[in-house]
Every structure is written in C-alpha cells, then in structure tokens.
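Following: one structure in structure tokens, then a few remarks.
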Amino acid sequence: MNTPQLRNLSRRNFLVSSSALVVGSYAYTTGFNPAFANTTRTLSPSVYVAVGSDGIVTVTCHRSEMGQGIKTAVAQVVCDELEADWEQVVVAQAEGDAKYGDQNTDGSRSIKNFFVPLRNAGAAAREMLIQAAAESWGVAASECEAHDHAVHHKASSRSASFGELADAASVLDVPETPTLKSRENWNHIGKSRVHVDAKDVATGNATYGADVTLPNMAVAIMVHAPVLGSSPIDVKVPESAKNDLRFIGVETINATPGPIGFNPVGSVAVIAEDTYTGIKIADELEISWSDSPNQSFDSEVFQEKLREAVEQPGQVWHAVGDANSMLDGAEETIEAVYETPFLSHAPMEPPSAIAKVVEDSVEVLAPVQDPQTTRNTIVGAQSFALENVKVTPTLLGGAFGRKSKPDFVLEAVELSKRLKRPVRVQWRRENDLQYDYFHAPSVQRYEASLGENGMPIAWRQRTAFPSIMSTVAAPNMVEPANWELDMGFTNTPYRCDNQSIEAAGLKAGVRIGWLRSVCNIFHAFGANVFIDELAEQAGMDPIDYRLAMWDGMDVIQGALPSEPGHEFKIERLRNVLQKVRVNSGWDQKIADGRALGVAVHHSFLSYVATVLEVDASDPNYRVTNAHVVLDCGTYVNADTCVAQMEGAVVFGLSGAQRAKLTFKDGAIQQNNFDGYLIARMPDGPSISVELVDSDHLPAGVGEPGVPPVAPALSNAIYRAGGGRRRSLPLV
Amino acid sequence: MAITMNVNGVEHSLDVDDNTPLLWVLRDHLGLSGTKFGCGRGLCGACTVQIDGSPTRSCLTTVAAASGRMISTIESLVEQQPDLVDAWVEENVAQCGYCQSGQLMSAAALLATNAAPTDEDIDSAMAGNICRCGTYGRIRKAIHRTAEGRQ
C-alpha cells in the first residue's frame with residue numbers, strides 16, 4: 001500500500017527539506033479528468049485526491065495560494081463529495097504540470113473552472129469506496145452510503161472506515177460519470193472554514209518563496225536598470241567587497257531584445273553567501289547603463305496624450321442610433337473626463353525565486369501564480385526540455401497579478417546556470433516598485449444629453465489606456481483588446497438608443513500588466529461617477545437613477561460572447577444594488593457629518609454593489625463604514641468570500657485615496673512605502689458583507705470587490721460637500 | 001567580533017558584521033524565517049519583533065544594537081501568548097499571511113501594555129504594519145477577542 005508520503009511531513013518540512021522536491025514523485029495517476037487511469041494502489045480517482053490506508057485524504061491543490069483561500073476551498077469541494085472528515089484531510093500543493101489542467105491562478109476563476117472537476121474527483125472516490133465496501137459485505141452498492149469518513153450498510157449495521165477500504169477500492173475501475181450530491185446535502189460547500197494554513201501563518205511556520213533554503217544556495221540581490229530597455233555597460237565593485245569572504249561576485253544580465261513579455265530586464269546581480277552581504281555591496285556598486293528609447297518617458301506627458309486621445313474619435317466598438325450628431329446638435333450636454341494613474345501591485349512579499357540548475361535540468365521553488373507558464377517561459381529562454389523543468393509554487397505572500405509574470409524566476413534560473421549552484425533571487429521593495437508590470441493609467445471621456453424625463457437620449461463614451469498586450473504580446477499591439485474593454489466598458493450596463501462606445505491605445509515606456517480587477521478599476525470609476533453626475537442633473541437619487549436606466553433591460557452583451565450560464569443579467573445587478581440600499585440605510589437619515597456614496601459593477605461574472613460612508617468633517621474624508629453585497633453565484637467558503645470583499649474594500653481604498661506612481665526620464669519616482677501610499681489600519685473601515693444566496697454557476701470572488709470602491713468614495717465625497725472628484729487618487 | 005544575544009530564550013553567539021540588520025541575522029544565520037522582509041526601511045512592519053518587550057523593526061535594528069538584549073520572534077509567540085495565536089486562527093484573520101508575523105508581534109506588544117485596547121488604541125499601535133490583503137478589520141476583532149478572553 002502506497003501511503004501518502006506527505007502525511008508525516010509538516011508543510012514547512014515538506015518544502016524546505018530536499019525531500020520536498022518530491023511533490024511530483026508521489027504516484028499520481030497520469031490522466032486528467034475524465035480520463036481517469038488506475039496506475040497506483042493508493043486510491044487516486046483523479047490527480048486531485050488520494051485516500052491512504054491510514055485514512056488520510058490528500059487533496060492536491062493545483063492552483064496557487066495567495067490569500068484567496070483556494071487550498072481550503074478545493075479541499076471543501078472534494079471532501080463534500082467524498083463525505084470525508086475535515087480533520088483527516090491534508091492539502092498538498094501541486095507542481096506545474098499540464099495533467100492538472102489550467103493552473104493560471106488569476107482572473108478569479110479557480111472555482112468557476114474547477115468546481116465540477118473537483119466534485120467529480122471526490123464523488124468518484126466516494127463511489128469506489130462504497131463499491132469496495134459493498135463487495136466485501138456481499139451487498140448491493142445501492143444499499144450502502146458514505147458519511148463521516150466511512151461507508152455504512154444500514155440494514156446490517158456494518159461500517160468500514162475509508163482507511164480500511166482504500167486498498168480494495170484502489171483496484172476498482174474509476175467511474176467516469178459519478179453521481180454528484182444534490183445541493184441540499186452539501187456539508188462543506190457553502191460553509192465557512194478557517195484556512196488550512198491559518199495556524200502555520202500565525203506561528204511563523206508558513207513557507208513563502210524567500211523562506212526556502214537549499215544546501216549550498218547563494219543569494220542574488222538585484223540592481224535593475226533605472227530605465228526599461230537599458231543594459232549594464234560597466235560595473236565597479238567596491239574595494240571592500242573584494243576582501244569579503246561572503247561576497248561571491250557580480251553577474252550582468254542584458255535587457256532582452258524584442259517583445260518585453262516575461263523576460264528579465266537589464267540588471268546587475270550581486271551574488272553572496274547571505275542576503276545582507278549582497279545588499280551591502282549592491283548599494284555600493286557604480287554602474288553605467290546603456291541608453292534606452294524609454295529614457296524620455298514621462299508619465300505627466302503620457303497622461304496628457306491620453307487626454308488628447310479621448311478628445312478625438314476612437315476605434316468604435318459599439319454604435320447604435322446617431323449619438324454623434326445628436327450630441328453635436330444638442331443644446332446642452334453633460335461632459336466629464338475621468339482619470340486614473342499608474343498603480344503597482346506591491347504585494348507584501350517582494351518577488352523572490354529559488355532555482356537549482358543541474359546540467360540540463362532545473363528545479364524552481366517560487367511564489368508564482370502559474371507554474372505551467374513559468375515552466376514554458378523557462379523552456380523558451382533556456383535550452384532545457386520541458387520534462388527537465390520542474391516548478392513548484394510556494395505560498396505566495398500576496399500577488400494580485402504580479403506573480404503571474406515570472407521575470408524574477410528567469411533571473412534565478414539564469415544565475416543558477418552560470419554559478420552552477422542553487423540561487424535565491426531576492427528583490428527588494430525598490431526592485432518591486434521599479435519593475436512591476438504596472439496597472440495602466442487611463443482617461444475616459446463621457447458625454448450625454450438627457451431627455452425631458454432626465455434619462456439619457458444620446459451617449460458617447462471614450463476610453464484611452466496602454467494595452468497589456470503591448471507589453472506581454474507584441475509592441476505594436478497598441479489598441480486596447482476586446483477582453484480589456486469587456487472589463488466594464490464595452491459591456492457597460494448603461495445603455496442608450498443613441499450610443500457610441502470608442503477606445504484608443506497608446507504605448508507606454510514601462511511594462512503594463514494586470515492588477516486585481518484590471519481595467520474594471522478605471523472603467524467602473526468613470527461609469528459610476530458619471531451616472532451620479534447624470535442623476536444629479538436629472539434631480540434623481542443615484543440608486544433610483546441606475547434602476548431607471550435598467551428598466552426593461554435583461555441581458556448585457558459585451559464585445560465577446562458570454563460563456564454559457566454566465567450571461568450578464570441586469571436582474572442580478574439590480575438585486576445587489578437594492579440589497580445594498582437596504583443594508584446601508586441609504587434611504588434613512590444618516591448621522592450628522594456623514595455621507596454615503598454608491599457604486600455597482602459586474603466583473604469576473606460576479607455582481608457587487610458597494611456603499612461607503614465618509615466622515616464629512618475629516619479633510620481626508622475617512623471612510624467609516626462600508627457595505628458590500630456580492631452575488632458570485634454558488635460559493636464554496638462563505639467566510640472566504642466575506643474576507644475577499646473586506647480585503648477588496650481596503651485594496652480599493654489604497655488606489656482610491658492616495659496611491660499614485662509617476663515616471664520621469666523613464667525612471668519611477670517612488671521607491672518604497674513612503675512614496676507609494678498603501679491603506680493602513682486607521683484607513684480600514686468597519687465592513688459588512690452580504691452574500692447573495694444563489695444557485696447560479698460559481699463565478700469570481702477575488703477581484704470583483706475592488707472596482708466599486710473608488711467610484712463609491714468619489715460619490716460619497718461629493719455628497720459630503722467635497723466637490724466632484726474625477727481623478728484618482730481622490731484625497 | 002562575536003555578538004551575543006538571546007533569541008526566544010536561547011543564547012546565541014554570532015560572528016557577523018556589526019551593521020547586519022537583525023532581520024537578516026534571524027533569517028539567514030539563525031534559520032528563523034517567520035520574521036519577514038517587506039521594505040527594508042521600517043515602513044511596513046513585516047519584520048516586527050520584540051526587543052525587551054518593545055515592538056521593533058528588525059530591518060532597521062543592527063545586530064550590534066540588539067546585542068545583549070532579549071529578542072522575541074513570531075516563533076515564540078505561541079508559547080508567550082497562545083490565546084492571541086488562537087484568536088488569529090479563530091477569526092480567520094490571514095489571507096496571504098505574509099505580514100501577519102509582524103502584525104501579531106505588534107499586537108502582542110500592545111496587549112502586554114494595554115489589557116483592553118479601544119479601536120483607536122489599535123489603530124495607533126498597528127498603523128505601522130501594512131496588510132496589502134486588507135485584513136485590518138479582522139486584526140481588530142482578533143485583538144479585542146484576545147483582550148476579552150483575558151478579562
């Protein structure tokens with residue numbers, strides 16, 4: 001009997017010891033659902049779950065854990081169908097391997113995409129255990145049932161534990177279409193569970209990227225080029241370093257020509273036996289850098305170009321009626337321009353990666369959101385065969401999209417190859433802010449004319465921002481992509497019989513990437529503040545005005561076709577807005593000196609309405625209370641959904657209140673948390689969250705709470721007498 | 001020159017550069033990786049430890065300054081204040097968890113000097129600890145829960 005090897009290893013040992021790199025040698029079956037193969041006598045009905053003869057259920061989480069609670073949620077789904085005892089479950093982290101299916105942990109889609117496969121895995125294991133019990137008792141399987149980590153035959157009062165049955169079950173055929181439990185019998189799905197790593201985190205025993213140590217490992221401290229595209233020309237190492245026995249040397253990495261992609265940027269790596277030696281010497285290097293076409297990049301100039309872009313017709317993505325001539329001929333129109341700046345992910349854990357190259361193979365341990373993309377990127381950059389590239393995610397100390405991009409892993413691989421020893425690349429906060437894949441700045445221009453009833457009769461909206469595609473795909477892909485625009489712009493729920501929706505793109509001189517909720521951040525901001533402006537013009541309540549605009553509407557169609565079962569339904573958007581109206585006491589008299597602002601947005605197939613309450617007497621309009629309503633369809637861990645909404649409010653407030661990055665002469669002007677201002681404890685309001693009870697398909701949770709925050713704050717500040725604020729950050 | 005210090009009740013004698021930040025001594029030389037690196041400039045609080053009971057940013061504290069002092073890290077908290085650790089788990093505070101060692105060490109120091117902190121006390125004591133995941137509300141709850149349990 002092949003007992004799961006992970007049981008006797010704490011998670012920490014499992015990653016830190018050399019045997020940790022055994023994650024993949026565990027005898028999983030090779031097929032991916034539904035092609036279950038039975039090649040091991042440990043019951044492994046799919047790659048996601050194994051039951052040992054000791055009764056321990058090992059659930060393999062193939063998505064990266066970055067605080068969204070996916071390890072816990074995956075275990076809940078599998079255990080529910082399996083009828084396993086929560087206390088006898090171990091969650092293992094999968095390495096990057098296509099057998100697991102997609103492992104790209106972003107886009108708020110782990111549960112959305114894997115809810116059914118994970119249920120199938122748990123249900124298949126349950127049916128196999130029942131079959132094994134029935135055969136041993138000589139009874140029909142239909143007379144047996146599984147619950148509480150055992151199979152029971154009620155008629156004869158017999159029971160057998162999962163551990164006792166695992167061996168016999170493991171030789172049975174794996175059912176391809178197991179019967180899934182009905183919703184009313186769920187005992188883990190939809191309930192609240194404390195995260196499986198909670199105790200390890202609270203005792204300092206959780207393992208993040210920089211916590212991994214390998215024998216004979218060197219540390220690399222990076223000094224990156226001040227400007228994207230520059231490479232080191234000359235490096236002077238201080239004399240003091242030359243006598244330092246803990247200093248190993250410097251290595252230069254040139255900027256990669258061609259598309260930026262996930263390639264390393266130009267840098268000098270200081271290699272040392274320990275972190276501080278590397279830091280000390282890195283700070284004393286004298287480096288000259290080559291010229292770069294990006295050295296004239298200036299974010300103020302760039303912002304001005306975005307402003308100019310929205311004053312011109314853009315690429316038309318949606319046109320009905322005759323918005324242009326109606327607006328040009330109207331006696332009165334309402335126009336507004338909304339702006340948002342560059343932002344950084346700034347996860348609390350700066351990027352770090354461990355690589356161990358041995359001849360033509362490499363093992364990587366790193367906090368990456370997508371170990372498969374990391375593997376493929378390594379294969380593209382080096383001469384390794386895919387099967388010789390092993391990537392195992394550690395826990396991620398925050399990511400928010402940053403750690404989808406494995407540039408820092410490629411540095412570690414390159415340096416380990418050169419040094420012929422394991423290397424940990426450790427970025428500092430300055431590296432992290434300097435070489436983020438930044439959240440794009442944007443400008444949007446809205447213009448509408450209203451009919452006698454106050455509702456829009458003509459409407460034109462334009463957006464301009466640098467496309468992510470120009471960084472990750474090809475430099476000439478400058479125009480915003482359809483999927484970027486379907487983040488709150490081309491799929492806007494604010495429709496009009498005469499409407500033009502237009503977009504323009506500009507190439508920035510820095511890297512652009514996706515940050516938690518991506519283009520929804522700026523599109524939700526422009527749309528929700530503009531609606532409040534129209535409501536005021538019409539003399540209507542902002543919530544009433546939204547509801548009136550949706551009167552008679554059913555489904556919103558964006559630039560891309562909807563996924564089956566995930567149509568954008570106005571009914572659900574209306575529902576969360578009406579609920580937050582009640583929860584926030586929107587129609588009640590509120591306390592003196594307080595004001596409420598609202599925003600509502602659909603993103604990642606979920607629906608979120610947010611009301612923020614601000615203190616009008618505070619010059620910074622401190623947010624005192626937040627009310628959030630989330631409809632994400634069927635959810636798995638209720639408390640995680642609440643936590644993600646709480647976190648999204650704070651994350652959104654960082655961007656809404658003070659965070660802003662600027663560039664001059666191609667170089668970033670903020671380099672740590674004294675320049676890039678993140679929300680702190682006193683900024684964190686009291687937050688109440690309602691989850692809509694829904695049997696719709698599961699949808700996103702990690703991201704959709706963010707977009708409504710900034711517009712709700714702007715709208716609250718206006719109602720508090722702070723004026724209409726159309727540019728982020730707001731205070 | 002050898003430096004001696006007491007970490008979590010264990011005496012250590014180390015031969016390191018006097019200017020080495022305590023953070024890197026803990027992580028690289030003593031293998032205590034629970035204390036985290038976040039900013040290197042005392043701006044985020046991820047590296048918070050206690051020195052003689054006071055919450056201290058280990059990224060700014062040289063090993064020479066810590067010499068001869070009593071240092072407590074997150075690894076010892078479960079023995080020092082197990083109810084605080086339990087409250088953190090029961091409130092399901094952590095999301096990514098990376099900042100939580102520092103949050104806990106700041107919270108432990110607060111509770112050691114203020115048995116019943118108000119929200120304002122908590123805001124003031126914890127303002128130096130950034131949580132990018134935004135767990136501030138739960139941190140407040142966990143501190144209150146611990147304080148109430150001690151009444």
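So you know, we letter chains A, B, ... as the sequences are listed, proteins then strands, and number each from 1. Values in this document were obtained by computation on a predicted structure and should not be read as measured data.
- Within the 4.5 Å cutoff, no side-chain heavy atoms of T203(A) are placed close to those of L77(B).
- When side chains are defined from C-beta on, C133(B) does not count as touching F651(A), because their heavy atoms never get closer than 4.5 Å.
- Contact annotation: the side chain of Y136(B) approaches that of V650(A) to within less than 4.5 Å [non-hydrogen atoms, C-beta and beyond].
- Using a 4.5 Å cut-off between heavy atoms, N671(A) contacts chain B through its side chain alone, with no backbone atom that close.
- Once rounded to the nearest 0.5 Å, the distance linking CD1 of I678(A) with SG of C44(B) reads 11.0 Å.
- We find that R680(A) and D123(B) are not joined by a salt bridge, their nearest charged nitrogen and carboxylate oxygen being 4.0 Å or further apart.
- Put simply, the side chain of R429(A) gets close to the backbone of G38(B): a donor and an acceptor are under 3.5 Å apart.
- Per-residue heavy-atom pair counts under 4.5 Å with chain A were compared for G128(B), G137(B), S124(B), G134(B), and the maximum is reached by G134(B).
- Contact annotation for L23(B): neither backbone nor side-chain heavy atoms come within less than 4.5 Å of a heavy atom of chain A.
- Among the candidates T35(B), V89(B), T73(B), the residue making the largest number of heavy-atom pairs closer than 4.5 Å to chain A is V89(B).
- Of all heavy-atom pairs spanning D674(A) and L43(B), the tightest one is N-CD1, 3.6 Å.
- Interface remark: of the candidates V201(A), D683(A), V194(A), V194(A) forms the most heavy-atom pairs closer than 4.5 Å to chain B.
- Counting heavy atoms from C-beta outward, N92(B) and H195(A) have side chains that approach closer than 4.5 Å.
- The distance from the CE atom of M681(A) to the CD1 atom of I122(B) is 7.0 Å, given to the nearest 0.5 Å.
- Residues of residues 51-64 of chain B lying within less than 4.5 angstrom of chain A, judged on heavy atoms, are absent.
- Residue I279(A) touches chain B through its side chain alone, counting heavy-atom pairs closer than 4.5 Å.
- For the atom pair D274(A) CG and T20(B) OG1, the distance stands at 7.0 Å (nearest 0.5 Å).
- Between F37(B) and R428(A), some side-chain heavy-atom pair lies under the 4.5 Å cut-off.
- Of the atoms belonging to Q426(A), it is side-chain heavy atoms, and not backbone ones, that fall under 4.5 Å from chain B.
- A cation-pi contact, defined as under 6.0 Å to the ring centre and within 45° of the axis, is absent between R41(B) and F673(A).
- Heavy-atom distances place the backbone of L396(A), and not its side chain, under 4.5 Å from chain B.
- Minimum heavy-atom separation, R246(A) to H29(B): NH2-CE1, 4.1 Å.
- Contact count against chain B (heavy-atom pairs under 4.5 Å) is highest for A202(A) among G684(A), G398(A), A679(A), A202(A).
- With a 4.5 Å cut-off on side-chain heavy atoms, K199(A) and W88(B) do not count as touching.
- M66(A) touches chain B through its backbone: at least one of N, CA, C or O sits under 4.5 Å from a heavy atom, while the side chain does not.
- For chain A, the nearby part of V78(B) is the side chain; its heavy atoms alone come within less than 4.5 Å.
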Exercise for review: Starting from the C-alpha separation in whole Å, work towards a yes-or-no answer on salt bridge (Lys or Arg N to Asp or Glu O under 4.0 Å) for D17(B) and K280(A).
Suggested key: CA-CA 11 Å; D17(B) 182 336; K280(A) 187 173 58 175; 3.0 Å; yes

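- Under 4.0 Å is where a charged nitrogen must lie from a carboxylate oxygen, and between K36(B) and D211(A) at least one such pair does.
- Using a 4.5 Å cut-off between heavy atoms, T135(B) does not touch chain A at all.
- For residues 93-101 of chain B, the interface with chain A (any heavy-atom pair closer than 4.5 Å) comprises A94(B), Q95(B), C96(B), G97(B), Y98(B), C99(B), Q100(B), S101(B), sorted by residue number.
- For Q369(A), the side chain to side chain donor-acceptor pair (under 3.5 Å) partners at least two apart in sequence or on another chain are S404(A).
- Summarising the geometry, atom OG belonging to S686(A) is positioned 8.0 Å from atom CZ belonging to R140(B); distances are rounded to the nearest 0.5 Å.
- Contacts between E430(A) and chain B at a heavy-atom distance below 4.5 Å involve the side chain alone, from C-beta outward.
- Residue I130(B) touches chain A through both its backbone and its side chain, counting heavy-atom pairs closer than 4.5 Å.
- Residues forming a salt bridge (Lys or Arg N to Asp or Glu O under 4.0 Å) with R138(B) (at least two apart in sequence, or on another chain): D639(A), E646(A).
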